[in-house]
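For reference, the structure is listed below as structure tokens.
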Amino acid sequence: MKNKCKYIFVTGGVLSGVGKGITAASMGAILKAKGFKVTMQKCDPYLNVDAGLLNPVEHGECFVTRDGVETDLDLGHYERFLDFETNKYSITLSGGIYKELIEKERSGGFHGKTVQLVPHFTDLVQEKIAMASKDSDIHIVEIGGTVGDYEGLAFLEAIRLFANKVGRRNCLYISVVYVPWLNTSKELKTKPAQNALKDLRGFGIIPDIVCVRSEKPCSRKICEKIAAFSGIPGEAVLNLPDIDSVYDVPLNVLKSGVLEILNDFVGNDKKPDMRKWEKFSEWCHEQHDKTVKVGLVAKYVGNEDTYICVTEALKAAAAHHKVNLDIVWINAEEATEEDFKNVDGLVVPGGFGLRGVEGKIKAATFALENDKPYLGLCLGLQAACIAAARRAGLKGAGSEEFLNDEDFKKPKDFQNVIYIMEGQKGKESTGGTMRLGDYPAVLKKGTKTAEIYREEAEDCGAYTSGIEVQKTGNVKVIERHRHRYEVNQKYLKDIEKGGLIVAGTSPDKSLVEFVEAPDKTFFIATQAHPEFKSRPLSVHPLFYHFIKILKDQK
Ligand code: GLN
């Protein structure tokens with residue numbers, strides 16, 4: 001195996017959900033700030049083939065890669081922390097590995113051999129790691145779950161074996177463990193962490209770094225104790241206590257003393273340039289004079305993980321504009337005009353199914369009638385078009401998606417303002433069949449949407465990903481998608497009469513990608529998910545301008 005790349009493997013012990021992904025991504029951010037090309041990958045032991053059909057309440061947002069794979073929200077963290085684009089190799093689920101192995105077996109690809117977890121599963125995982133790390137200097141692999149989970153064992157074996165292939169000195173193993181605070185005796189308890197590290201050792205992995213996550217800071221004594229019991233040097237045990245903002249984690253990881261170990265591993269002691277992170281973290285902590293209230297009209301109220309890219313994009317935009325952000329969760333199923341009045345602007349995020357859609361349509365109607373700034377994302381565009389068509393007199397305007405729900409009382413004059421694309425029919429409950437990933441759109445010269453993107457492309461240059469000003473003055477953009485339904489262009493006249501114009505389409509004009517209300521302060525909706533491409537250090541233009549408008553209106 002070609003071996004110019006170095007590998008970092010991150011596993012977790014004691015509990016899941018203690019920030020293994022953020023810790024891994026923070027290490028990545030530090031290494032990137034040292035000048036390396038860093039990529040990341042998540043290996044998850046689920047039997048699902050991808051994350052597309054997973055329940056967003058249980059599992060959080062489904063993140064989409066540019067090449068159209070539906071993944072876990074951790075990939076969103078990776079993109080935000082490392083400002084790179086993940087792809088289909090950045091996620092490896094057990095289900096996908098089994099599927100590939102079984103397909104190969106069925107087609108005779110194993111030539112009569114017995115197919116086994118070791119070596120076949122473990123070899124294929126290693127192949128995936130090698131593919132995901134192509135062209136990078138450092139590749140970080142996070143193993144989902146906690147050490148000792150049955151389903152994760154083959155992944156641990158794969159990453160252990162990987163060191164045999166590329167050389168142990170080219171691999172760095174990090175274990176993120178949790179040290180709980182016991183309130184009755186008022187002390188931090190190290191036993192679960194010791195046991196987790198013992199388990200890991202049992203699988204043949206002695207970590208080079210142990211990150212101790214805790215609610216309160218751990219003393220050096222506690223770290224030394226963990227070190228002593230797990231046979232690793234004291235200075236390799238780093239404490240990462242809870243902090244307010246995830247964007248402080250890269251700086252906190254750096255402060256923990258990790259740099260020396262990372263420098264040793266990569267063979268250079270260049271100081272990482274963390275200035276942008278420092279500035280951003282400062283902004284996040286500052287109390288500003290102005291506060292903007294954004295109403296997030298959502299089905300899963302208060303569940304930040306379900307809309308994490310949206311809330312992170314809003315937070316980052318607020319930090320850049322130096323305003324405090326107050327996200328007001330508006331339950332789409334019970335939303336009233338009062339709720340909309342109470343906020344400075346409305347965001348209608350993506351969603352599926354009938355539940356809550358009427359509230360989203362109400363929000364769009366209110367925004368159109370009261371010039372309330374509105375940012376519509378995917379379903380947020382569909383709701384806006386239905387609202388506009390109804391305003392124009394098509395009272396039965398709706399989406400064909402509603403017809404799949406038996407609770408939908410189909411009106412006699414139902415009009416499919418949002419309809420299903422020919423190629424999508426009959427696939428409503430199957431995985432990986434939506435219009436997924438990057439697709440270009442052409443924004444019409446002179447529209448507000450085009451101006452906002454164009455300004456960004458010409459202005460600070462912070463966010464230029466895929467923006468191209470064409471000779472005609474139109475602006476070509478590339479955004480990620482995850483949807484099955486489309487605007488039915490048969491009703492464009494009605495949508496226009498209701499106050500919206502088409503600001504952008506697919507290059508062949510067959511699909512509506514952006515709509516806007518030309519006479520409103522800010523009413524823009526897109527069929528795409530721009531939140532997937534927003535970064536803390538380079539905010540997506542639509543979010544950036546949305547918050548700017550709210551700030552200016554104060
Ligand atoms: N349910 C709509 C569709 O499939 C919108 C999807 C979304 O908001 N991601 O087209």
Side-chain angles (χ1 to χ4, degrees), residues 50-57 59-66 68-71 73 76 296-300 303 305-311 313 332-333 346-361 363-364 374-387 389 397-405 407-408 416-439 441 479-489 491 495 505-506 510-515 524-534 542:
D50 64 33
L53 299 175
L54 286 172
N55 180 337
V57 177
H59 203 81
E61 172 195 77
C62 173
F63 187 80
V64 182
T65 62
R66 64 155 194 250
V69 177
E70 297 170 287
T71 75
L73 56 76
L296 192 59
V297 189
K299 185 156 76 171
Y300 308 114
N303 191 338
D305 270 3
T306 310
Y307 305 98
I308 189 158
C309 286
V310 178
T311 54
E333 288 183 82
L346 293 164
V347 173
V348 175
F352 293 85
L354 178 67
R355 201 154 64 78
V357 177
E358 280 305 324
K360 295 184 174 188
I361 298 169
Y374 177 98
L375 179 59
L377 311 167
C378 205
L379 182 60
L381 171 136
Q382 299 178 355
C385 291
I386 294 171
S399 163
E400 279 186 7
E401 187 173 12
F402 305 170
L403 305 176
N404 303 332
D405 195 313
D407 287 339
F408 181 57
N416 59 350
V417 168
I418 305 299
Y419 74 144
I420 192 156
M421 293 183 282
E422 204 44 52
Q424 292 285 345
K425 283 187 185 156
K427 295 180 183 166
E428 286 84 344
S429 55
T430 44
T433 55
M434 279 187 263
R435 182 166 178 257
L436 293 164
D438 270 1
Y439 284 97
E479 293 291 0
R480 299 210 196 139
H481 293 71
R482 183 176 186 239
H483 66 116
R484 202 181 297 284
Y485 297 86
E486 292 288 344
V487 174
N488 187 346
Q489 299 199 46
Y491 294 104
I495 292 169
T505 62
S506 54
S510 64
L511 307 174
V512 172
E513 289 277 7
F514 288 83
V515 297
I524 293 178
T526 165
Q527 190 60 82
H529 287 278
E531 68 272 22
F532 289 154
K533 286 176 76 174
S534 191
L542 290 180

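Order of listing sets the numbers, starting from 1, for every ligand and every atom in it. Since the model is a prediction, treat every value here as computed from it, not as a measurement.
- In this structure a side-chain-to-backbone donor-acceptor pair under 3.5 Å is missing from Gln382 to Ile418.
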Taking it one step at a time, do Arg484 and Glu428 satisfy salt bridge (Lys or Arg N to Asp or Glu O under 4.0 Å)?
-> CA-CA 8 Å; Arg484 202 181 297 284; Glu428 286 84 344; 5.7 Å; no
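- The shortest N/O to N/O separation between His529 and ligand 1 falls below 3.5 Å.
- Using a distance-only test at 3.5 Å, with no hydrogens or angles considered, no donor-acceptor pair links the side chain of Glu70 to the main chain of Leu53.
- Proximity of a side-chain donor or acceptor of Lys299 to a complementary backbone N or O of Phe352 within less than 3.5 Å is detected.
- Given atom 10 (O) of ligand 1, the protein heavy atom at minimum distance is Tyr485 N, 2.8 Å.
- The N/O atoms of Phe352, backbone and side chain alike, include none that comes under 3.5 Å of an N/O atom in ligand 1.
- Summary of contacts: the protein heavy atom closest to atom 7 (C) of ligand 1 is Cys378 SG, 3.0 Å.
- Under 4.0 Å from ligand 1, not a single heavy atom of Glu486 appears.
- Looking at ligand 1, you'll find an N or O of Arg484 within less than 3.5 Å of one of its N or O atoms.
- Taking atom 9 (N) of ligand 1 as the reference point, the nearest protein heavy-atom neighbour is Arg482 O, 2.9 Å.
- The minimum heavy-atom distance linking Gly60 with Leu73 is given by the pair CA-CD2, 3.7 Å.
- Counting only heavy atoms of the protein, atom 1 (N) of ligand 1 lies nearest to Glu401 OE1, 2.7 Å.
- Relative to atom 6 (C) of ligand 1, the option among Gly350, Cys62, Ser399, Gly351 with the closest non-hydrogen atom is Gly351.
- Shortest non-hydrogen contact noted between Ile308 and Glu61 is CG2-OE1, 3.5 Å.
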Intermediate values then yes/no, salt bridge (Lys or Arg N to Asp or Glu O under 4.0 Å), Glu531 and Arg482 = CA-CA 12 Å; Glu531 68 272 22; Arg482 183 176 186 239; over 6 Å; no
